[in-house]
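Taking it in order: structure first as structure tokens, then the write-up.
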Amino acid sequence: MTEDSIHSKAPRRWGELPYHSLDFHLRQTFGEKVYRLSLNGGMTCPNRDGSVGTGGCIFCSAGGSGDFAASPQLSIQEQIAQAKTRISAKSDCRKFIAYFQAYTNTYGPVDRLRRMFTEALLPPEIAALSIATRCDCLPPEVIALLAELNRFKPVWVELGLQTVHDKTRAALRSGFSLAQYEEAVVALRAHGITVITHLILGLPGEDRSMMRASVSYAASMPIQGIKLQLLHVLDGTELGRRYRQGLLPAVTPDHIAYSPETYCQFVAECVSLLPPEMVIHRLTGDGPRRLLLAPLWSSDKKRVLNTLRKTFEEQGLWQGKEAKR
């Protein structure tokens with residue numbers, strides 16, 4: 001430990017967990033359980049339509065990472081109603097987050113975005129708006145719109161960074177720079193908009209020290225939330241094609257994707273680097289079973305989360321234990 005460490009003398013807990021989970025944050029903020037409704041605004045992506053690239057990121061599915069979102073053929077209100085009906089079968093939840101998940105959800109004319117986001121925010125049961133997008137698709141007029149909406153109800157913007165390493169990001173064909181990501185964070189935070197950063201763990205060519213560097217970088221940024229996701233190899237992606245052809249590095253026992261135990265051990269170490277106030281939106285991720293090629297064990301989310309809780313306890317780790325000022 002360095003003298004800059006801000007670890008607690010005693011383990012911290014957020015409810016029953018040793019990390020600041022999204023569920024805990026939502027209950028504290030809204031006073032009750034809140035569910036996300038995955039919506040589809042019928043957008044595309046500059047990394048698919050030729051503006052930046054045509055093939056998309058090598059890990060991204062044909063659904064634009066929105067494989068669980070509703071059909072874009074439905075209106076936003078119809079999508080919300082449909083998603084609420086599905087949730088009602090397992091929960092009597094009364095508040096929801098309108099989550100635009102598929103593709104790049106600020107990539108379009110600002111008038112269209114205004115109509116779409118306003119329609120999603122109007123129902124009284126919608127507590128917040130969450131928007132997944134790219135850091136290079138946030139021009140001033142879009143940020144001004146998000147700032148306006150943020151005065152009505154909370155607006156969250158999810159930025160897919162994936163890694164801090166330029167060489168890896170180029171291999172992923174992401175098409176944006178670290179400088180663009182930083183500019184987007186600064187611009188959004190200037191208006192008080194919540195920023196959530198997405199990192200992928202287990203990217204080809206990255207060892208554990210490189211992945212820790214990405215987590216430490218995110219921990220140092222003025223963001224409010226983070227998603228840590230194990231790399232899923234999905235059928236129909238460039239990554240999936242390479243996997244089927246045997247062009248990806250073999251998963252050996254020291255690789256984080258080798259088993260739930262190896263992954264959870266590494267994730268627990270990463271979480272200990274994060275500041276206690278940062279909300280953790282994801283620690284594993286869901287790959288559609290019909291598309292998932294590897295690692296197959298990741299589809300058993302309950303097992304992974306149970307293993308993670310056990311790992312925190314056995315290793316004596318908690319969020320913020322190894323965080324730096």
Side-chain angles (χ1 to χ4, degrees), residues 6-8 11-38 65 93 95-101 105 126-133 135 146 149-150 153-162 164 181-182 184-186 188-201 211-212 214-230 264 266-286 301 304-305 308-309 311-312 317-325:
I6 57 171
H7 63 293
S8 305
R12 293 196 57 176
R13 299 192 73 81
W14 290 260
E16 298 180 352
L17 298 175
Y19 56 88
H20 195 163
S21 71
L22 176 61
D23 182 64
F24 178 87
H25 172 72
L26 292 173
R27 290 180 185 273
Q28 292 293 305
T29 303
F30 299 108
E32 59 187 282
K33 178 76 174 179
V34 182
Y35 270 95
R36 281 183 295 195
L37 306 177
S38 293
S65 297
C93 178
K95 291 184 179 179
F96 305 91
I97 296 168
Y99 178 32
F100 286 89
Q101 183 178 18
N105 290 285
I126 299 299
L129 173 68
S130 186
I131 302 166
T133 191
C135 60
L146 300 181
L149 297 173
N150 193 46
K153 289 182 181 179
V155 172
W156 304 348
V157 174
E158 180 182 326
L159 299 176
L161 176 60
Q162 321 312 354
V164 75
Y181 165 80
E182 293 175 346
V185 172
V186 170
L188 291 165
R189 291 304 301 145
H191 294 279
I193 297 170
T194 293
V195 179
I196 302 155
T197 292
H198 185 202
L199 297 178
I200 297 179
L201 304 176
M211 288 181 260
R212 287 192 194 95
S214 292
V215 174
S216 295
Y217 170 83
S220 73
M221 291 296 289
I223 63 175
Q224 291 65 55
I226 192 167
K227 287 185 174 182
L228 299 177
Q229 178 167 327
L230 173 65
C264 290
F266 183 69
V267 166
E269 295 173 10
C270 290
V271 169
S272 73
L273 301 173
L274 300 173
E277 66 274 11
M278 186 175 288
V279 179
I280 297 178
H281 290 239
R282 181 183 294 165
L283 286 176
T284 171
D286 296 311
K301 189 173 181 179
V304 175
L305 292 176
L308 186 60
R309 293 188 185 98
T311 301
F312 274 107
L317 295 173
W318 59 89
Q319 184 175 341
K321 183 180 181 181
E322 306 292 342
K324 305 294 179 63
R325 293 189 184 277

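- Atom CG of L199 and atom CG of L159 lie 11.0 Å apart (nearest 0.5 Å).
- Between I196 and I226, the closest side-chain pair of non-hydrogen atoms is not below 4.5 Å.
- Remark: F96 CZ to K33 NZ distance equals 11.5 Å, nearest 0.5 Å.
- With hydrogens and angles ignored, the 3.5 Å screen pairs a side-chain donor or acceptor of Q224 with a backbone N or O of V195.
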- Task: Please test L37 against Y99 for side-chain contact (heavy atoms from CB on, under 4.5 Å), starting from the C-alpha separation and ending with a verdict.
- Result: CA-CA 6 Å; L37 306 177; Y99 178 32; 5.9 Å; no
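- With a 4.5 Å cut-off on side-chain heavy atoms, Y19 and W318 do not count as touching.
- Residues R12 and Q319 form no side-chain contact, since every pair of their non-hydrogen atoms from C-beta on lies 4.5 Å or further apart.
- Between atom NZ of residue K227 and atom CZ of residue R282 there is a gap of 4.0 Å, rounded to the nearest 0.5 Å.
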Give the table of side-chain donor-acceptor pairs shorter than 3.5 Å for residues 271-281, with sequence neighbours excluded, one pair per line with atom names and distance.
residue : atom : partner : partner atom : Å
S272    : OG   : E269    : O            : 2.6

- Message: One pair to check against side-chain contact (heavy atoms from CB on, under 4.5 Å): R309 and L17. What are the steps and the verdict?
- Response: CA-CA 7 Å; R309 293 188 185 98; L17 298 175; 3.3 Å; yes
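- Remark: side-chain polar atoms of R212 are not paired, donor with acceptor, to backbone N or O of S216 under 3.5 angstrom.
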- Would E182 and M221 satisfy side-chain contact (heavy atoms from CB on, under 4.5 Å), going step by step from the backbone distance to the final call? CA-CA 8 Å; E182 293 175 346; M221 291 296 289; 4.1 Å; yes
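- A side-chain donor-acceptor contact under 3.5 Å links N105 to the backbone of A132.
- When all heavy atoms of T311 and A268 are compared, the pair lying nearest together is CG2-CB, 4.1 Å.
- The CZ atom of F266 sits 9.0 Å away from atom CG of L228, with the distance rounded to the nearest 0.5 Å.
- Side-chain atoms of K301 and T284, non-hydrogen and from C-beta on, do get closer than 4.5 Å to each other.
- Looking at residues two or more places apart in sequence or on another chain, you find a ring-ring contact (aromatic ring centres under 6.0 Å, His included) between F100 and F117.
- Listed by chain and residue number, D23 satisfy the salt bridge (charged side-chain N to carboxylate O under 4.0 Å, His left out) test with R27 (two or more places apart in sequence, or in another chain).
- Side-chain contact between Y181 and T197 is present, with at least one heavy-atom pair separated by less than 4.5 Å.
- Contact annotation: the side chain of L129 never approaches that of P154 to less than 4.5 Å [non-hydrogen atoms, C-beta and beyond].
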- Test side-chain contact (heavy atoms from CB on, under 4.5 Å) on W14 and Q28 and set out the steps. CA-CA 10 Å; W14 290 260; Q28 292 293 305; over 6 Å; no
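- Using a 4.5 Å heavy-atom threshold, the side chains of V34 and I97 count as touching.
- For the residue pair V185 and P222, the shortest heavy atom distance occurs at CG1-CG, 3.9 Å.
- Put simply, the side chain of V155 does not reach to within 4.5 Å of the side chain of T194, judged on heavy atoms.
- Residue S214 holds its OG atom at 8.5 Å from CG of L201, rounded to the nearest 0.5 Å.
- When only modelled atom types and interatomic distance are considered, S38 and Q101 share a side-chain donor-acceptor pair under 3.5 Å.
- Rounded to the nearest 0.5 angstrom, C264 SG and L305 CG are separated by 8.0 Å.
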